[in-house]
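For reference, the structure discussed in these notes is given below.
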Amino acid sequence: MTTCPAFRRKKVPPMTAPTRYTPSEIEARWQAAWEKDDIFKAVRKADMPKYYVLEMFPYPSGRIHMGHVRNYTLGDVIARYKMAKGFNVLHPMGWDSFGLAAENAAMQKGIHPGEWTYQNIEDMKNQMKPLGFSLDWSREIATCHPDYYQHQQAMFIDMIEAGLIYRKNAIVNWDPVDMTVLANEQVEQGRGWRSGALVERRELTQWFFKISDYSDELLGALDNLENWPAKVRLMQENWIGKSRGLQFAFSTIFDPEGDATISPPDGHDRIEVYTTRPDTLLGASFVGISPDHPIAKLLERDNAEVAKFVAECRKGGTTEEAIETGEKLGLDTGIRVRHPFDTGAELPVYIANFILMDYGTGAIFGCPAHDQRDFEFATKYDLPIISTYLPSEDAAEELTEAYVPQKTEKVFYNRGFAGEQWQTGLEAIDAAITFCESQGVGQGVTKFRLRDWGLSRQRYWGCPIPVVHCDDCGVVPEKKENLPVKLPEDVTFDIPGNPLDRHMEWRTTPCPTCGKDALRETDTMDTFVDSSWYYARFTAPHADTPTVMEDAEYWMNVDQYIGGVEHAILHLLYARFFARAMQITGHLPESAVEPFDALFTQGMVTHAIYKSVGADDRPIFHYPEEVELKGDQAFLKEGGAEVEVIPSAKMSKSKNNVVDPLSIISDFGADTARWFVLSDSPPERDVEWTASGAEAAYKHLSRVWNLCNRIATIDTAREGKGNDDLLKQMHKTIHDVTMAIESFGFNAAIAKLYGFTAAIQKSDASQAVQREAILTLAQLMAPMTPHLAEDIWEKLGGEGMITTTPWPVADEAMLVDDTVTLPIQVNGKRRGEIDVPADMPKDEVEKLALAHPNVIRILDGGSPKKVIVVPGRIVNVVV
RNA sequence: GCCCGUGUGGUGGAAUGGUAGACACGACAGAUUCAAAAUCUGUUGCAGCAAUGCGUGGCGGUUCGAGUCCGCCCACGGGUACCA
C-alpha cells in the first residue's frame with residue numbers, strides 16, 4: 001500500500017484507477033447495492049418461469065465451516081446463473097434449529113437451549129452475510145420458533161385424523177444410571193457416554209408415521225427421479241428393501257421329552273416365519289426367534305434361564321450395526337417344531353440375539369449350509385449343516401463355510417423339492433413358493449425392510465407433540481385453536497431426563513374433549529419432521545396456515561436441491577413421505593408429492609490434521625494457524641518442533657482441523673473463498689482445504705482485476721492484432737462454461753476461465769475487443785465471484801448490474817474448427833498425429849495415416865490388418 | 001456385518017470407450033530488483049544421455065482401443081432407522 005521512494009522516482013503514468021485489488025472495499029459496496037435494490041427478493045410472477053434453488057438448511061452450531069461455504073456457494077452459482085438465464089429465482093435460507101446439541105450445551109454450560117440456539121443463529125447469519133449469497137432473507141425461518149412449529153402441530157393433528165399416525169411400543173436405549181433415553185450417538189461401546197453404565201434396551205409407547213404403507217409407492221416413484229444421483233436412488237431402493245418370500249408356520253411341540261418342564265403358552269402352537277429362501281427349506285436345522293418375540297416373552301416369565309438370557313440380549317445399543325457386528329448368541333428353548341415336509345424331523349427353537357422383531361415375523365429358520373451367519377451359529381451350537389444345492393452333482397457336501405452363490409447362478413439341487421434339479425436360485429425360489437402354496441404350506445408374500453418412522457423423542461428441545469392424555473377420553477389431539485403448544489421456558493437441565501416430564505404446571509391442561517384436568521404428551525418430535533417440510537414452508541413463510549396453495553403451486557417443486565450425501569436415505573426418504581402426507585391432508589398440491597426435481601450431493605471439506613504427542617503420551621492436535629509448512633513437513637510456529645501431518649481428514653472439532661472461513665474472508669475476501677471452494681475438486685467429491693490453494697485463488701482474482709484496469713487504459717483508437725482469435729476463444733469459453741455450469745462441473749468451468757484469462761492477457765487485440773472479452777469473462781465469473789464481476793462491469797461501462805444482466809450466448813458459427821488434429825495409433829498406442837481438414841473423407845484420412853513415417857517404420861513393408869478411422873477423433877492401425 | 005461411494009504425477013484434480021495427466025498448487029530455472037517480497041517467462045508423470053520403455057489401488061476379462069465397461073480382491077469414506 002505504501003509507495004516506496006524508489007518507486008516514486010520512476011516515471012509513473014497518471015493513475016486513473018486504484019492500484020490494488022481490495023475485496024473488502026469491493027464486496028461491502030456491492031452487497032449494499034444488491035440489498036438496496038432488493039434484487040434477491042422472490043416475488044410470484046405468473047408470466048415468468050420460476051426456479052427454486054434450495055441448499056439443505058444448516059443446524060445452527062454457532063460457527064459456519066468450510067462445508068457450509070461450499071454447500072451455499074454451489075447453490076449460489078446455480079441461483080445466480082438461473083437468474084441471468086431469465087428465471088424468477090427463489091433462493092431461501094433457514095435454520096434446522098431443534099436438536100440434541102442445544103440440550104448438551106445447556107447441560108455443559110448452563111445456558112438455556114433456546115437462548116443458545118437463537119444466539120447461534122444470529123452469529124451464523126452474521127458469518128454468512130459477507131459471503132454475498134443471493135439469498136432472500138425475508139423468507140428466513142427457524143424450525144424452533146413457534147411461528148414454524150405451530151403449523152407442524154396443526155399438520156400433525158390432520159395426519160392423526162387421516163390415519164397416518166399411530167402409537168405402538170418400540171425399543172430405546174436406556175441408561176439405567178441417568179434414568180434417561182439415549183440417542184445412538186450417546187452410546188459408546190454399549191455404554192452411556194456420561195454415566196458409563198451398560199445401556200439396556202427398553203420398550204416405550206411411542207408415536208409413529210405409517211411410512212411403511214407407502215413402501216411400494218416410495219420405491220416405484222424413484223424411477224421418475226431422473227435428476228437424482230443413481231447412487232441415492234439405489235441406496236433408497238435397498239433401504240426400502242422389497243422382497244418376495246414365503247411365509248408359513250412351523251407347528252410346535254412344547255414338551256418333546258414328556259417331562260413337562262415347559263408349559264405350552266396359549267395360542268402359540270405355531271411359529272410364523274418368513275423366508276426369502278424357501279428353496280433352502282430342506283436344509284433347515286433350527287428355528288430362531290427374536291428375544292422380543294411373544295414366545296420369548298412368555299418363557300421369560302417362568303423360566304429363569306430364559307429370563308437371564310433375554311436380559312443379556314437386551315444389553316447394548318439398539319443400532320443395526322451393533323446387533324449385526326456383535327457376537328451371535330442363542331439359547332435353546334427346549335421347544336421343538338415339526339418340519340412341514342419332513343415330518344420325522346424336529347427342529348430346535350433358539351432365542352437368538354440377532355433376530356429383529358421389527359422385520360418379517362420376528363422368527364426365521366436357519367439354513368447353515370447357505371448362510372454364513374447361520375453357518376457360524378450352527379457350528380457354535382453343534383447343529384447339523386445340510387446342503388440343499390451344490391455347485392455340481394458330484395460336489396462334496398462337507399462345508400467349511402456357507403455356500404452362497406449368486407441367485408442368478410445355476411446350481412444343482414440335491415435336496416430340492418420344487419422345480420428342476422439344475423436351476424438358478426431365483427427359479428428355485430419361485431418354484432418353492434408355488435409348490436408350498438399348492439401343498440397348503442404358507443403363501444408367497446411381499447415384504448419390505450422399511451419400518452414405520454418413530455417420531456417420539458423423550459427430549460425438551462423439539463416440537464411438542466400436540467396431544468393430551470385424559471383418564472376418561474384417552475389420547476386426544478389438542479384443539480387447533482389452542483395451538484401452538486409452546487415449550488415452557490422455565491426449565492433446567494441439572495437433572496438428567498426430559499424437563500417436560502417434571503414440569504407439572506405445563507403438563508396439566510384441560511382435556512380438549514371433556515374439559516377435565518388431563519396431562520400433555522411430553523414426547524417431542526424427531527427433528528427429521530422439522531426438515532421434512534421446510535422446503536414447502538419457504539414458498540409462503542409468513543402465512544398463518546402451513547402452506548398457501550397458490551404459492552406452493554407456483555414455486556414447488558424445488559428445481560435443484562443441494563446437500564450432503566449423508567442425507568441420502570433418512571432425510572430424503574422422510575421428506576418424500578411427508579410431502580405425500582401433506583398432499584393427503586390438503587397442504588400440498590398433487591404435483592408436489594415428489595418435492596425435489598433434481599438432487600445434487602456434494603462431498604465433504606477435509607483438512608490435514610497436525611498431530612504431536614504430549615508428555616503424557618496423549619495426542620495433541622494443533623490448529624492450522626499454529627503450524628508453519630515447509631514442503632511436506634510441518635513445524636510449530638512456537639518452538640519450531642516438527643509435527644506429524646495426517647492428510648485429508650474430515651474436519652472435526654476434536655481434531656482441531658477446522659478452518660474458520662471468516663479468517664479466509666478477512667484475509668482474501670469472499671470471492672476468493674468462493675472461487676477456491678469451487679475450483680479444485682469436482683463438487684460431488686471431498687475437497688481438501690489448503691491455505692496455498694486459497695492464495696492461488698486470490699492471486700488469480702487479482703490478475704483479473706489488474707487486467708481490467710490495464711484494458712481500461714488502452715488507446716481506444718488502436719487497431720490491434722488477432723481480434724478474431726480472441727473473439728473465437730471468447731465464444732468457445734461461453735459455450736464451455738455454460739455447459740460446465742449446467743452439469744455442476746464448476747471446477748471444469750473455472751479451468752476454462754483460467755485459460756480465457758491467459759488468452760486475454762496475452763492478446764494484442766484492439767481495446768474494443770479486449771473490453772468485450774473481459775466483460776464476457778466477468779459475466780461468466782459472476783455466479784462464482786459476483787462482487788469482482790460487478791466491479792469490472794462497472795469500471796468498463798457495462799449497463800446496469802451484472803447480476804441482473806442476461807447470460808451471454810455463444811455464436812455457434814464461432815465454435816467450429818476448420819482443421820482437426822488426429823492422433824495416429826498403432827495397436828492402440830499413440831505413434832504420431834496429423835492435421836487434417838475437419839470434413840476430410842475417411843479413406844483419405846486412412847491414406848494420410850498410413851503415410852506417416854512412424855507407421856511406415858512399424859509396418860516395415862507389411863500391410864495393416866485393419867485401419868479404424870473415427871472421424872474427428874482418432875485413427876488406429878491394427879497390425 | 002450389511003447397503004452405497006471413492007482410489008490417476010510431489011499435491012488438488014482433467015479426460016462423450018478414442019492423444020492419460022487439461023487447469024491449478026508445489027518445485028526448479030530465468031527476467032525484474034542494491035536485495036527481498038510481489039510480478040512476469042519457461043521447465044516439470046517415472047526411468048533413461050537418448051532412442052525408447054513403464055505408468056490411472058491390485059489381479060483377471062471384454063474390445064481395434066479401457067482411467068472409463070465386467071468379475072474378484074485391497075484400502076479409505078458415507079449410511080446403518082434417537083447426530084443432523
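We name chains A, B, ... by the order of the sequence lines, and we start the count at 1 in each one.
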Out of [options], whichever nucleotide has its closest atom nearest the side chain of [X]:
X: A:Met235; options: B:G7, B:U80, B:C4; answer: B:C4
X: A:Asp96; options: B:A84, B:C25, B:G13; answer: B:A84
X: A:Asn747; options: B:G12, B:G18, B:G13; answer: B:G13
X: A:Glu566; options: B:U52, B:G79, B:C83; answer: B:G79
X: A:Arg830; options: B:C83, B:A84, B:U19; answer: B:U19
X: A:Leu100; options: B:A84, B:U19, B:A81; answer: B:A84
X: A:Arg703; options: B:C40, B:C64, B:A84; answer: B:C40
X: A:Pro823; options: B:G5, B:U19, B:C40; answer: B:U19
X: A:Gln825; options: B:A81, B:G18, B:G13; answer: B:G18

>> Does A:Met739, at its CE atom, have more than 12 non-hydrogen atoms belonging to other residues, nucleotides or ligands within less than 6.0 Å?
In response: no
> Which ones in residues 751-763 of chain A lie close to RNA chain B, meaning a heavy atom under 4.0 Å from one of its atoms?
Replying inline: A:Ala751, A:Tyr754
> Want to settle it: does A:Lys231 or A:Gly99 sit nearer the 5' end of RNA chain B, counting the closest nucleotide to each?
Replying inline: A:Lys231
>> By nearest heavy atom, map A:Trp239 and A:Ala230 onto RNA chain B; which one lands nearer the 5' end?
In response: A:Ala230
For [X] and [N], what is the distance between atoms [atom1] and [atom2] respectively, to the nearest whole Å?
X: A:Leu573; N: B:U80; atom1: CG; atom2: P; answer: 12 Å
X: A:Trp453; N: B:A84; atom1: CH2; atom2: P; answer: 12 Å
X: A:Leu234; N: B:G78; atom1: CG; atom2: C1'; answer: 14 Å
X: A:Asn706; N: B:C40; atom1: CG; atom2: C1'; answer: 12 Å
X: A:Lys829; N: B:G65; atom1: NZ; atom2: P; answer: 12 Å
X: A:Met56; N: B:G79; atom1: CE; atom2: P; answer: 13 Å
X: A:Arg20; N: B:A38; atom1: CZ; atom2: C1'; answer: 9 Å

> Do A:Tyr574 and A:Trp453 pass the ring-ring contact (aromatic ring centres under 6.0 Å, His included) test, and can you show the C-alpha distance, the side-chain angles, and the key distance before you say yes or no?
Replying inline: CA-CA 8 Å; A:Tyr574 289 154; A:Trp453 169 13; 3.9 Å; yes
>> Between B:C3 and A:Asn238, counting only base atoms on the nucleotide and side-chain atoms on the residue, is there a donor-acceptor pair under 3.5 Å?
In response: no
> Less than 3.5 Å between a donor and an acceptor, one on the side chain of A:Glu320 and one on the base of B:G1, is that the case here?
Replying inline: yes
Assign [X] to base, sugar-phosphate, or nothing according to its heavy-atom contacts below 4.0 angstrom with the strands shown.
X: A:Thr325; result: base
X: A:Phe354; result: nothing
X: A:Leu450; result: base
X: A:Gln186; result: nothing

> Does a side-chain heavy-atom distance below 4.5 Å link A:Lys732 with A:Leu815?
Replying inline: yes
>> Is the shortest side-chain heavy-atom distance between A:Glu324 and A:Arg373 below 4.5 Å?
In response: yes
>> Which residues pass the side-chain contact (heavy atoms from CB on, under 4.5 Å) test with A:Leu500, not counting sequence neighbours?
In response: A:Tyr460, A:Leu487, A:Pro488, A:Asn498, A:Trp506, A:Thr522, A:Thr524
>> Going by side chain to side chain contact (heavy atoms under 4.5 Å, CB included), A:Leu753 matches just one of A:Val737, A:Asp736, A:Val704. Which one?
In response: A:Val737
> So, A:Lys231 and A:Glu684, do they make that salt bridge, N to O below 4.0 Å?
Replying inline: no
> OP1 or OP2 of B:G12 less than 4.0 angstrom from a side-chain nitrogen or oxygen of A:Ser681, does that happen here?
Replying inline: no
>> Could you tell me if A:Arg449 sits above the aromatic ring of A:Trp239, with its cationic atom closer than 6.0 Å to the ring centre and no more than 45 degrees from the axis?
In response: yes
Under 30°, 30 to 60°, or over 60°: which ring-plane class applies to [X] and [Y], parallel, tilted or perpendicular?
X: A:Phe744; Y: A:Phe746; value: tilted
X: A:Phe209; Y: A:Phe578; value: perpendicular
X: A:Phe668; Y: A:Tyr698; value: tilted

Nearest-angstrom distance, [atom1] atom, [N] to [M]:
N: B:A24; M: B:G30; atom1: P; result: 23 Å
N: B:G67; M: B:U63; atom1: C1'; result: 15 Å
N: B:A22; M: B:C70; atom1: P; result: 27 Å

> Reading RNA chain B 5' to 3', how would its secondary structure be written in dot-bracket notation, given Watson-Crick and G-U pairs with both distances under 3.5 Å, brackets [ ] for crossing pairs and | for partners on other strands?
Replying inline: (((((((..(((.....[....)))((((((.......))))))(((....)))..(((((..]....))))))))))))....
